[in-house]
Amino acid sequence: MIATEQEPKSLLSFDRERWKGWYESQPNEYDYWIEDIEGEIPPALNGTLFRNGPALFDINGQRLHHPFDGDGMVCAIAFDQGRVHFCNRFVRTEGYLKEQQSEKILYRGVFGTQKPGGLWANAFNIKLKNIANTHVVYWGGKLLAMWDAAEHYRLDPKTLETLGKDDRDGIWAKGDVSKTHYRIDPNCNQDGGAPCLVSFVIKLGILNCKITIHEQDPTGKLQRSYSHIVPGFAFMHDLVITPNYCIFVQNPMTFNPIPFFLGLKGAARCLKPKPNSPTRILVIPRHGKQPMQVLETQAGFTYHHVNAFEQGDRIYVDSIAYESEPLNKVEPGTDYRDIDFNTVPPGQLFRFTLNLADSTVQQQQLLERCCEFPAVHPHHVGRPYRYVYMGVAERPTGTAPLQAIAKLDLTTGEQQIWSAAPHGFVGEPIFVPHPDAKGEDHGWVLALVYDSSHHQSDVVILDGRDLNQGAIARLHLKHHIPYGLHGSWTPTVFN
Ligand SMILES: [Fe+2]
């Protein structure tokens, strides 16, 4: 069933000039207790919300070509018995330090940023800057800032000081390309019910790729690793798990690096859809050395998944799917802030039902509205679940910036929407369970919201049971936080 849509508040959901403020660099670093608060912070909400995202969109006034090429900045928002502390720091990567010192762009960006100096300055210059801007997680006593193609950086979870590169205690082999996304199995049946962190790396080859999955216990100790050879080019950003399987969606893409080597394009712009090829879904057993099963479905593109669960011979995988890759729409020589949203396909929520007995896949659209950055209750990761929270566009059709947070009841199709439009723009929501939770949606939804009318950001707290009642609290920061990517919650209070 496709969820029932509500009417938009207004046909014009945002002002582009104000929206552009979300992409202004935030070069400053702060450390303070938040005092400008509307509403009441729930006293039972204790822990730290870490967020990561690009925050420098220019180097000394020279603008980057794509926001995803920006240096990573991590925010720590610590909730401590009704008080909230804010701290942000740039990840001091080697590239960040060198560019800040030289005050000019020294590296090409994956998404198309070029060094000044034209073709001669960029041809055969393939050294990428690790920008550590995509995700952040606290696991095994380490806070790690992560990017999709290089080592992680370890930070002090209290001060966010950069402590250095981290290779996950040497679990990666030479040539492995790290990936930022992971899943936490809340109740691993191979570890006596203890949680475990499931992550993956990919080694790229000419004709095939090798995918290796690592499972680490809560101390960070490696419990299991297993690898499979995947034919073709494997463009995979995320994974989902169930108690028995890891599932990957292999987008039908090819990668021709020659324009990148010649200095003509960023590496990501060398990705091209593979015509007339299906999307392949890789189902990898987490136990023993059983073979990987590969299922096929119609072509499409996926960055992020919501969740997966098993029922008998079937695995249900819920994902945000696009007709085609959505991020490489910024043509060379153009400003991404002038992008025509009509040229970008909307991300939409789909359910893929995998039948392992006959290797078939059924797909069903669950929501038409443009959406991204899904979140679920952490105890339901890999298990049957009922509620998903996502960033969504204000209008029910078409592609637009995320300005609202939706809660979708997958059992009834009921939708609740909390909207920040027309002046607000929302980042990824995070669901934090109430410590005495009495249901799957009993908890809080936390999100950073950019208030373009004041050019400042708010930390917004919503009641996970009822988004319609409005925000429980809005915590006004003293400054703006640019468009961000991913974050995570830990019940440990770092302030
Ligand atoms: Fe991602």
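Any value given below was found using the heavy atoms of this structure, including those in side chains, with hydrogens, waters and symmetry copies removed. In listed order, ligands and their atoms are each counted from 1.
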Seminar exercise, completed: Sorted by chain and residue number, the side chain to side chain contact (heavy atoms under 4.5 Å, CB included) partners of Val177 (sequence neighbours excluded) come out as Ala149

Problem set entry | With Pro378 via side chain to side chain contact (heavy atoms under 4.5 Å, CB included) - residues at least two apart | Phe431, Pro433

Exercise. Salt-bridged, Asp335 to Arg337, with N to O below 4.0 Å?
Worked result: yes

Problem set entry | Charged N-O contact under 4.0 Å between Arg168 and Glu151 | no

Problem set entry | Check against side chain to side chain donor-acceptor pair (under 3.5 Å), Asp217 and Thr219 | CA-CA 5 Å; Asp217 73 13; Thr219 70; 2.6 Å; yes

Seminar exercise, completed: Asp58 meets the salt bridge (charged side-chain N to carboxylate O under 4.0 Å, His left out) criterion, sequence neighbours left out, with none

For this session: Output, by chain and residue number, all protein N/O/S atoms separated from the Fe ion (ligand 1) by less than 2.8 Å.
Result: His181 NE2, His237 NE2, His304 NE2, His486 NE2

